[in-house]
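Bear in mind that the values here come from a model prediction, so they are computed numbers and not experimental data. The analysis underlying the following values was restricted to heavy atoms, covering all of them including side chains, and did not include hydrogens, waters or symmetry mates.
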Amino acid sequence: MPTYLTPFEANVLVDAIQASLPAMYATVEPSDRQEAFAAEANAILELVEPEHQVALFERLESIVLLTGGFERPLAAND
């Protein structure tokens with residue numbers, strides 16, 4: 001029986017990804033940002049129970065939408 005992250009633990013990891021976006025903008029080429037984010041996002045999704053993946057996916061997708069596909073940084077209040 002696999003061991004999954006709790007929704008809280010998974011959201012903490014998403015918070016960490018979101019907090020690290022300024023560093024990603026400084027170190028990752030614009031053409032590679034979506035792929036870099038997707039790799040991290042997919043790794044987290046694989047660690048979450050299937051029944052919780054949709055909610056987590058929606059949160060991750062909102063980051064992509066707020067950044068215009070990583071064309072612009074997140075606003076300070078997002």
Could you pull out every donor-acceptor pair under 3.5 Å between side chains of residues 23-32 and any protein atom, sequence neighbours left out?
| unit_1 | atom_1 | unit_2 | atom_2 | d |
| --- | --- | --- | --- | --- |
| Tyr25 | OH | Arg72 | O | 2.6 |
| Thr27 | OG1 | Ala23 | O | 2.8 |

Could you go through residues 55-66 and list every donor-acceptor pair under 3.5 Å that involves a side-chain atom there, pairing it with any protein atom two or more places apart or in another chain?
| unit_1 | atom_1 | unit_2 | atom_2 | d |
| --- | --- | --- | --- | --- |
| Arg59 | NH1 | Asn11 | O | 3.2 |
| Arg59 | NH1 | Asn11 | OD1 | 2.9 |
| Arg59 | NH1 | Asp15 | OD1 | 3.3 |
| Arg59 | NH2 | Asp15 | OD1 | 2.3 |
| Ser62 | OG | Arg59 | O | 2.6 |

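For residues 37-51, no residue pair satisfies the salt bridge (charged side-chain N to carboxylate O under 4.0 Å, His left out) rule, not counting sequence neighbours. A ring pair (Phe, Tyr, Trp, His ring centres under 6.0 Å) check over residues 27-50, counting only residues at least two apart or in different chains, returns the pairs Phe37-Phe70.
Listed by chain and residue number, Phe8, Glu9 satisfy the side-chain contact (heavy atoms from CB on, under 4.5 Å) test with Thr6 (two or more places apart in sequence, or in another chain).
Leu47 CG to Leu13 CG: the interatomic distance, rounded to the nearest 0.5 Å, is 8.0 Å.
By the rule that hydrophobic residues join a cluster once side-chain heavy atoms approach within less than 4.5 Å of another member, Leu45 and Val48 end up as members of one cluster.
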- [ ] Show your working on side-chain contact (heavy atoms from CB on, under 4.5 Å) between Ile17 and Ile44 and close with a plain yes or no.
- [x] CA-CA 10 Å; Ile17 291 174; Ile44 294 171; 3.3 Å; yes
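Residue Val54 belongs to no hydrophobic cluster, having no ILVMFWY side-chain heavy atom closer than 4.5 Å to its own.
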